[in-house]
Amino acid sequence: MAVDIDWKNLNFAYTKTPFRYVCDYKNGKWDEGKLTEDSTVKISECAGVLQYAQTAFEGLKVYTAEDGRTVAFRPDLNAERMACSAKRLEMPVFPEDKFLEAVDMLVKANCEYVPPYGSGASLYIRPVMFATSPVLGVKPAVEYQFRMFCTPVGPYFKNGIKPLTLRVTDFDRAAPHGTGHIKAGLNYAMSLHAIVDAHNLGYDENMYLDSTTRTFVEETGGANFIFVTGDGKIVTPLSESILPSITRRSICYVAENYLNLKVENRQVRLDELKNFAECGLCGTAAVISPVGRIDNHGEIINFPSGMQSMGKTTKKLYDALTGIQYGRLPAPKGWLREIKK
Ligand SMILES: *Cc1c(COP(=O)(O)O)cnc(C)c1O
(Lines give C-alpha, C1' and ligand atoms only; values in the text may rest on other atoms or scores of the structure.)
Protein backbone atom coordinates (compact mmCIF):
# COMPACT_ATOMS: atom_id res chain seq x y z
CA MET A 1 0.00 0.00 0.00
CA ALA A 2 2.43 2.65 -1.18
CA VAL A 3 1.51 6.30 -0.72
CA ASP A 4 1.87 8.66 -3.63
CA ILE A 5 4.39 11.23 -2.44
CA ASP A 6 7.02 13.09 -4.44
CA TRP A 7 9.71 12.61 -1.77
CA LYS A 8 12.34 14.75 -3.46
CA ASN A 9 10.09 17.81 -3.60
CA LEU A 10 8.72 17.80 -0.07
CA ASN A 11 9.34 20.90 2.00
CA PHE A 12 9.87 21.21 5.73
CA ALA A 13 6.15 21.53 6.35
CA TYR A 14 3.32 19.67 8.04
CA THR A 15 1.68 16.92 6.05
CA LYS A 16 -0.96 15.01 7.96
CA THR A 17 -0.16 11.31 8.38
CA PRO A 18 -2.81 8.75 9.45
CA PHE A 19 -1.77 8.11 13.08
CA ARG A 20 -0.42 9.98 16.08
CA TYR A 21 0.38 8.87 19.64
CA VAL A 22 -1.43 10.51 22.54
CA CYS A 23 -0.98 10.09 26.29
CA ASP A 24 -2.79 12.12 28.95
CA TYR A 25 -1.64 13.04 32.44
CA LYS A 26 -4.42 13.22 35.02
CA ASN A 27 -4.73 12.62 38.78
CA GLY A 28 -0.97 12.56 39.09
CA LYS A 29 -0.25 9.90 36.47
CA TRP A 30 0.16 9.23 32.75
CA ASP A 31 -2.41 6.94 31.16
CA GLU A 32 -1.59 3.92 28.98
CA GLY A 33 -1.08 6.02 25.82
CA LYS A 34 -2.52 5.09 22.43
CA LEU A 35 -2.52 5.75 18.72
CA THR A 36 -5.34 7.81 17.29
CA GLU A 37 -6.43 9.07 13.90
CA ASP A 38 -7.69 12.33 15.42
CA SER A 39 -5.24 15.09 14.49
CA THR A 40 -7.09 17.73 16.50
CA VAL A 41 -6.82 18.65 20.17
CA LYS A 42 -9.81 19.77 22.20
CA ILE A 43 -8.91 21.64 25.38
CA SER A 44 -10.33 24.26 27.73
CA GLU A 45 -10.14 27.86 26.54
CA CYS A 46 -8.36 28.48 29.83
CA ALA A 47 -5.79 25.69 29.38
CA GLY A 48 -2.35 26.45 30.82
CA VAL A 49 -0.73 26.17 27.41
CA LEU A 50 -3.00 28.87 25.97
CA GLN A 51 -2.67 31.30 28.87
CA TYR A 52 0.93 30.94 30.03
CA ALA A 53 2.67 28.90 27.31
CA GLN A 54 3.36 25.86 29.47
CA THR A 55 4.62 23.64 26.67
CA ALA A 56 7.79 22.00 25.39
CA PHE A 57 8.60 20.05 22.24
CA GLU A 58 11.22 17.93 20.54
CA GLY A 59 12.25 17.07 16.99
CA LEU A 60 13.96 13.99 15.58
CA LYS A 61 14.22 12.07 12.35
CA VAL A 62 13.53 8.55 11.17
CA TYR A 63 14.76 7.33 7.82
CA THR A 64 15.53 4.30 5.71
CA ALA A 65 19.15 3.18 5.96
CA GLU A 66 21.14 1.85 3.03
CA ASP A 67 20.40 -1.75 4.06
CA GLY A 68 16.66 -1.09 4.25
CA ARG A 69 16.35 -0.81 8.03
CA THR A 70 14.05 1.87 9.42
CA VAL A 71 16.04 3.80 12.02
CA ALA A 72 15.57 6.69 14.45
CA PHE A 73 18.65 8.77 15.25
CA ARG A 74 19.40 8.89 18.99
CA PRO A 75 15.77 9.23 20.16
CA ASP A 76 16.91 8.45 23.71
CA LEU A 77 18.57 11.88 23.82
CA ASN A 78 15.34 13.57 22.75
CA ALA A 79 13.50 11.72 25.54
CA GLU A 80 16.14 12.86 28.01
CA ARG A 81 16.10 16.46 26.82
CA MET A 82 12.30 16.57 26.96
CA ALA A 83 12.50 15.43 30.57
CA CYS A 84 14.83 18.39 31.31
CA SER A 85 12.43 20.77 29.57
CA ALA A 86 9.48 19.38 31.54
CA LYS A 87 11.24 19.80 34.88
CA ARG A 88 12.21 23.40 34.14
CA LEU A 89 8.60 24.22 33.17
CA GLU A 90 7.06 22.40 36.19
CA MET A 91 5.46 19.79 33.95
CA PRO A 92 5.42 16.06 34.76
CA VAL A 93 8.23 14.13 33.08
CA PHE A 94 7.09 11.82 30.32
CA PRO A 95 8.94 8.54 31.04
CA GLU A 96 11.86 7.98 28.68
CA ASP A 97 11.01 4.31 28.00
CA LYS A 98 7.45 5.29 27.12
CA PHE A 99 8.82 7.97 24.79
CA LEU A 100 10.85 5.36 22.88
CA GLU A 101 7.85 3.01 22.75
CA ALA A 102 5.79 5.87 21.33
CA VAL A 103 8.39 6.41 18.57
CA ASP A 104 8.17 2.71 17.66
CA MET A 105 4.34 2.64 17.68
CA LEU A 106 4.04 5.85 15.69
CA VAL A 107 6.54 4.90 13.00
CA LYS A 108 5.11 1.39 12.60
CA ALA A 109 1.60 2.78 12.20
CA ASN A 110 2.73 5.31 9.58
CA CYS A 111 5.36 3.11 7.94
CA GLU A 112 4.39 4.00 4.35
CA TYR A 113 5.42 7.55 5.16
CA VAL A 114 9.04 6.69 5.89
CA PRO A 115 10.83 7.97 2.77
CA PRO A 116 12.94 5.48 0.80
CA TYR A 117 16.74 5.42 1.00
CA GLY A 118 18.34 7.77 -1.51
CA SER A 119 15.45 10.25 -1.65
CA GLY A 120 17.11 12.55 0.87
CA ALA A 121 13.74 12.86 2.59
CA SER A 122 12.98 11.64 6.10
CA LEU A 123 10.13 11.18 8.53
CA TYR A 124 10.25 14.03 11.04
CA ILE A 125 8.88 13.17 14.49
CA ARG A 126 7.44 15.95 16.60
CA PRO A 127 6.84 15.12 20.28
CA VAL A 128 5.08 17.88 22.17
CA MET A 129 3.58 18.22 25.62
CA PHE A 130 1.34 20.93 26.96
CA ALA A 131 -0.83 21.95 29.90
CA THR A 132 -4.48 21.11 29.24
CA SER A 133 -6.28 21.95 32.49
CA PRO A 134 -7.57 25.48 33.20
CA VAL A 135 -5.32 27.90 35.06
CA LEU A 136 -6.05 31.54 35.70
CA GLY A 137 -3.84 32.40 38.62
CA VAL A 138 -0.28 31.82 37.45
CA LYS A 139 0.67 28.27 38.48
CA PRO A 140 1.44 24.92 36.87
CA ALA A 141 -1.56 23.07 35.46
CA VAL A 142 -2.60 19.70 36.90
CA GLU A 143 -3.39 17.98 33.60
CA TYR A 144 -1.22 17.58 30.52
CA GLN A 145 -1.13 15.91 27.15
CA PHE A 146 1.89 14.30 25.54
CA ARG A 147 1.45 13.90 21.81
CA MET A 148 3.78 12.62 19.12
CA PHE A 149 3.02 13.00 15.44
CA CYS A 150 5.10 12.59 12.33
CA THR A 151 5.33 14.21 8.94
CA PRO A 152 7.52 13.40 5.94
CA VAL A 153 9.96 16.21 5.14
CA GLY A 154 12.09 16.73 2.08
CA PRO A 155 15.83 16.96 1.62
CA TYR A 156 17.09 20.14 3.26
CA PHE A 157 19.49 21.10 0.46
CA LYS A 158 16.93 20.51 -2.29
CA ASN A 159 18.19 23.39 -4.41
CA GLY A 160 21.84 22.70 -3.74
CA ILE A 161 23.95 23.80 -0.83
CA LYS A 162 23.86 27.57 -0.48
CA PRO A 163 25.89 29.07 2.37
CA LEU A 164 23.85 31.32 4.63
CA THR A 165 24.23 34.99 5.45
CA LEU A 166 23.69 35.88 9.12
CA ARG A 167 23.47 39.10 11.01
CA VAL A 168 24.49 39.70 14.58
CA THR A 169 21.23 40.71 16.18
CA ASP A 170 20.57 43.20 18.97
CA PHE A 171 17.66 41.07 20.18
CA ASP A 172 18.33 38.53 22.92
CA ARG A 173 17.28 34.89 22.76
CA ALA A 174 18.00 33.74 26.29
CA ALA A 175 18.81 35.15 29.70
CA PRO A 176 21.71 33.66 31.70
CA HIS A 177 19.48 31.73 34.09
CA GLY A 178 16.41 31.60 31.86
CA THR A 179 15.08 28.93 29.53
CA GLY A 180 17.57 29.01 26.64
CA HIS A 181 18.79 25.48 27.42
CA ILE A 182 15.36 23.83 27.11
CA LYS A 183 13.16 23.29 24.08
CA ALA A 184 10.27 25.49 25.15
CA GLY A 185 7.79 26.97 22.71
CA LEU A 186 8.15 30.30 24.46
CA ASN A 187 11.76 30.62 23.22
CA TYR A 188 10.42 30.51 19.70
CA ALA A 189 7.44 32.81 20.17
CA MET A 190 9.73 35.64 21.18
CA SER A 191 12.23 34.87 18.38
CA LEU A 192 9.65 35.34 15.62
CA HIS A 193 9.96 39.11 15.52
CA ALA A 194 13.76 38.91 15.26
CA ILE A 195 13.67 36.38 12.43
CA VAL A 196 10.98 38.20 10.44
CA ASP A 197 13.01 41.37 10.82
CA ALA A 198 16.19 39.57 9.69
CA HIS A 199 14.41 38.12 6.64
CA ASN A 200 13.00 41.54 5.74
CA LEU A 201 16.54 42.86 5.69
CA GLY A 202 17.80 39.99 3.53
CA TYR A 203 19.50 37.81 6.15
CA ASP A 204 18.87 34.10 6.54
CA GLU A 205 19.33 33.87 10.31
CA ASN A 206 20.19 35.79 13.47
CA MET A 207 23.38 35.24 15.41
CA TYR A 208 22.50 35.75 19.07
CA LEU A 209 25.11 36.88 21.58
CA ASP A 210 25.24 36.32 25.33
CA SER A 211 22.75 38.77 26.75
CA THR A 212 24.93 39.89 29.69
CA THR A 213 28.06 41.16 27.96
CA ARG A 214 27.14 40.87 24.26
CA THR A 215 30.68 39.71 23.55
CA PHE A 216 30.26 35.93 23.21
CA VAL A 217 28.56 33.95 20.47
CA GLU A 218 25.56 31.85 21.52
CA GLU A 219 23.48 30.31 18.69
CA THR A 220 20.78 31.12 16.14
CA GLY A 221 17.05 30.81 16.79
CA GLY A 222 17.10 27.07 16.16
CA ALA A 223 20.62 25.79 15.55
CA ASN A 224 24.00 25.63 17.32
CA PHE A 225 27.23 26.97 15.83
CA ILE A 226 30.24 24.99 14.82
CA PHE A 227 33.45 26.72 13.75
CA VAL A 228 36.55 25.37 12.08
CA THR A 229 39.94 26.99 12.68
CA GLY A 230 42.56 27.52 9.99
CA ASP A 231 44.41 24.44 11.21
CA GLY A 232 41.31 22.23 11.14
CA LYS A 233 40.24 22.30 14.79
CA ILE A 234 36.52 22.26 15.65
CA VAL A 235 35.29 24.95 18.04
CA THR A 236 31.79 25.10 19.51
CA PRO A 237 30.47 27.85 21.82
CA LEU A 238 30.06 26.99 25.49
CA SER A 239 27.21 28.65 27.36
CA GLU A 240 24.57 27.72 29.92
CA SER A 241 21.87 29.35 27.81
CA ILE A 242 22.44 27.39 24.58
CA LEU A 243 20.09 24.56 23.64
CA PRO A 244 22.17 21.36 23.81
CA SER A 245 21.84 20.27 20.18
CA ILE A 246 21.98 16.51 19.66
CA THR A 247 23.39 17.09 16.18
CA ARG A 248 26.18 19.30 17.54
CA ARG A 249 27.07 16.78 20.25
CA SER A 250 27.10 14.00 17.64
CA ILE A 251 29.26 16.04 15.26
CA CYS A 252 31.81 16.69 18.02
CA TYR A 253 31.98 12.96 18.75
CA VAL A 254 32.37 12.15 15.07
CA ALA A 255 35.07 14.80 14.65
CA GLU A 256 37.13 13.31 17.48
CA ASN A 257 36.49 9.63 16.94
CA TYR A 258 36.02 9.23 13.20
CA LEU A 259 38.00 12.11 11.73
CA ASN A 260 40.73 12.54 14.30
CA LEU A 261 40.05 16.25 14.69
CA LYS A 262 40.59 18.27 17.86
CA VAL A 263 37.38 19.63 19.38
CA GLU A 264 37.12 22.59 21.73
CA ASN A 265 33.90 23.47 23.52
CA ARG A 266 34.64 26.90 24.93
CA GLN A 267 33.42 30.48 24.98
CA VAL A 268 33.74 32.05 21.53
CA ARG A 269 34.24 35.80 21.37
CA LEU A 270 32.47 37.79 18.70
CA ASP A 271 35.74 39.49 17.80
CA GLU A 272 37.45 36.19 16.96
CA LEU A 273 34.93 35.17 14.27
CA LYS A 274 37.17 36.64 11.58
CA ASN A 275 39.88 34.13 12.48
CA PHE A 276 37.79 31.06 11.62
CA ALA A 277 38.06 29.28 8.28
CA GLU A 278 34.56 27.79 8.27
CA CYS A 279 31.27 28.19 10.07
CA GLY A 280 28.19 25.98 10.16
CA LEU A 281 24.80 25.69 11.86
CA CYS A 282 23.80 22.34 13.23
CA GLY A 283 20.42 20.90 14.01
CA THR A 284 18.19 17.98 13.13
CA ALA A 285 16.65 19.69 10.09
CA ALA A 286 19.82 20.24 8.02
CA VAL A 287 22.51 18.35 9.98
CA ILE A 288 24.95 21.16 9.05
CA SER A 289 24.20 24.28 7.01
CA PRO A 290 27.28 26.20 5.98
CA VAL A 291 27.46 29.89 6.88
CA GLY A 292 29.36 32.01 4.35
CA ARG A 293 28.98 35.49 5.75
CA ILE A 294 28.14 37.29 8.98
CA ASP A 295 27.21 40.95 9.19
CA ASN A 296 28.12 42.46 12.55
CA HIS A 297 26.52 45.91 12.36
CA GLY A 298 28.16 46.67 9.04
CA GLU A 299 31.42 44.86 9.70
CA ILE A 300 31.28 41.95 7.26
CA ILE A 301 32.98 38.68 8.04
CA ASN A 302 33.44 36.57 4.93
CA PHE A 303 34.58 33.06 5.77
CA PRO A 304 37.30 31.74 3.46
CA SER A 305 35.00 28.79 2.57
CA GLY A 306 32.99 31.32 0.55
CA MET A 307 29.38 31.57 -0.64
CA GLN A 308 29.35 28.71 -3.14
CA SER A 309 29.80 25.50 -1.21
CA MET A 310 30.39 23.84 2.13
CA GLY A 311 33.86 24.26 3.56
CA LYS A 312 36.19 21.28 3.32
CA THR A 313 36.01 20.27 6.99
CA THR A 314 32.30 21.05 7.29
CA LYS A 315 31.73 18.71 4.35
CA LYS A 316 33.76 15.95 6.02
CA LEU A 317 31.69 16.30 9.19
CA TYR A 318 28.47 16.32 7.18
CA ASP A 319 29.46 13.22 5.19
CA ALA A 320 30.58 11.35 8.29
CA LEU A 321 27.44 12.08 10.32
CA THR A 322 25.01 11.40 7.47
CA GLY A 323 27.08 8.28 6.68
CA ILE A 324 26.40 7.03 10.20
CA GLN A 325 22.74 8.01 10.06
CA TYR A 326 22.18 6.14 6.80
CA GLY A 327 24.18 3.10 7.88
CA ARG A 328 26.98 3.61 5.36
CA LEU A 329 29.47 3.95 8.24
CA PRO A 330 29.37 1.92 11.45
CA ALA A 331 27.40 3.77 14.12
CA PRO A 332 28.56 4.20 17.71
CA LYS A 333 26.67 1.85 20.01
CA GLY A 334 23.10 2.98 20.63
CA TRP A 335 22.95 5.75 18.04
CA LEU A 336 20.47 4.10 15.69
CA ARG A 337 17.23 2.68 17.05
CA GLU A 338 15.88 0.19 14.57
CA ILE A 339 12.12 0.11 14.21
CA LYS A 340 10.86 -3.26 13.03
CA LYS A 341 7.83 -2.99 10.77
C1 LIG B 1 16.28 22.18 18.48
C2 LIG B 1 17.28 23.26 18.60
C3 LIG B 1 18.60 23.10 18.15
C4 LIG B 1 19.08 21.86 17.44
O5 LIG B 1 19.04 20.71 18.24
P6 LIG B 1 19.10 19.29 17.57
O7 LIG B 1 18.91 18.36 18.73
O8 LIG B 1 20.43 19.13 16.95
O9 LIG B 1 18.01 19.21 16.57
C10 LIG B 1 19.49 24.15 18.35
N11 LIG B 1 19.10 25.31 18.92
C12 LIG B 1 17.83 25.51 19.34
C13 LIG B 1 17.47 26.80 19.97
C14 LIG B 1 16.88 24.48 19.20
O15 LIG B 1 15.64 24.68 19.63
Side-chain angles (χ1 to χ4, degrees), residues 12 53 55-63 72-86 88-89 96 99 103 122-129 148 150-151 153 156 164 166 169 171-176 178-195 198 204-211 216-227 234 236-255 265 268 279-291 314 317-318 320-322 324-325 334-337:
F12 192 80
T55 175
F57 68 100
E58 272 301 327
L60 65 141
K61 278 178 173 177
V62 165
Y63 36 86
F73 185 69
R74 310 188 79 179
D76 53 320
L77 297 188
N78 295 97
E80 189 185 292
R81 194 167 62 188
M82 197 160 201
C84 294
S85 300
R88 179 64 177 78
L89 295 174
E96 296 179 28
F99 183 105
V103 172
S122 54
L123 187 69
Y124 182 78
I125 313 273
R126 170 53 62 92
V128 57
M129 60 186 283
M148 192 187 276
C150 61
T151 183
V153 296
Y156 194 83
L164 307 173
L166 275 48
T169 178
F171 293 109
D172 289 324
R173 192 192 82 89
T179 55
H181 61 299
I182 61 165
K183 230 170 162 64
L186 59 92
N187 291 337
Y188 282 79
M190 62 92 209
S191 77
L192 295 174
H193 176 62
I195 192 66
D204 297 302
E205 285 288 346
N206 288 304
M207 169 180 265
Y208 287 101
L209 304 178
D210 79 285
S211 54
F216 297 107
V217 173
E218 296 249 301
E219 60 173 323
T220 66
N224 284 183
F225 280 108
I226 183 148
F227 298 102
I234 307 302
T236 58
L238 177 68
S239 159
E240 298 279 288
S241 46
I242 286 177
L243 195 281
S245 157
I246 294 164
T247 313
R248 189 250 305 156
R249 288 181 272 162
S250 303
I251 285 170
C252 290
Y253 182 90
V254 165
N265 184 217
V268 174
C279 172
L281 292 180
C282 35
T284 295
V287 180
I288 312 181
S289 308
V291 173
T314 305
L317 294 169
Y318 178 84
L321 187 59
T322 51
I324 289 168
Q325 292 176 329
W335 278 27
L336 301 183
R337 181 181 180 88

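As the structure lists them, so they are numbered: ligands from 1, and atoms in each ligand from 1. Side-chain atoms are counted along with the backbone in the values below, which use heavy atoms only and exclude waters and symmetry mates.
Remark: side-chain polar atoms of Ser85 are paired, donor with acceptor, to backbone N or O of Lys183 under 3.5 angstrom.
For the pair Asp76/Glu96, no side-chain contact is recorded, criterion being any heavy-atom separation below 4.5 Å from C-beta on. Asn78 has its side chain out of reach of Met82: every pair of non-hydrogen atoms, C-beta onward, lies at least 4.5 Å apart. Between Arg74 and Leu60, every side-chain heavy-atom pair lies at or beyond the 4.5 Å cut-off. Using a 4.5 Å cut-off on side-chain heavy atoms (C-beta onward), Leu336 and Tyr63 make contact.
Of the residues listed (Glu218, Glu219, Glu205), the one engaging Arg173 in a salt bridge (Lys or Arg N to Asp or Glu O under 4.0 Å) is Glu219, and it is the only one.
Closest heavy-atom approach to atom 3 (C) of ligand 1 among the candidates Gly222, Gly59, Gly283: Gly222. Atom 7 (O) of ligand 1 has its nearest heavy-atom neighbour, among Arg248, Glu58, Arg74, Arg81, in Arg81.
Contact between Thr220 and Tyr208 at its shortest, heavy atoms only, is C-CD1, 3.8 Å. Nearest heavy-atom pair across Tyr318 and Ala286 is CE1-O, 3.7 Å.
For Ser245, heavy-atom contacts with ligand 1 shorter than 4.0 Å involve the backbone as well as the side chain.
Scanning the protein heavy atoms around atom 9 (O) of ligand 1, the nearest turns out to be Thr284 OG1, 2.6 Å. Considering only non-hydrogen protein atoms, atom 15 (O) of ligand 1 sits nearest to Tyr188 OH, 2.2 Å. Of the protein's heavy atoms, Lys183 NZ, 2.6 Å lies nearest to atom 2 (C) of ligand 1. The single protein non-hydrogen atom nearest to atom 11 (N) of ligand 1 is Glu219 OE1, 2.6 Å, given as residue, atom name and distance.
Interface atoms of ligand 1 facing Asn224, defined by a heavy-atom separation under 4.0 Å, are 10 (C), 11 (N).
Under a 4.0 angstrom heavy-atom cut-off, Ser250 registers as lying outside contact with ligand 1.
Annotation: Thr247 places an N or O atom under 3.5 Å from an N or O atom of ligand 1; distance criterion only. At under 3.5 Å, not a single nitrogen or oxygen of Cys282, backbone or side chain, sits near a nitrogen or oxygen of ligand 1.
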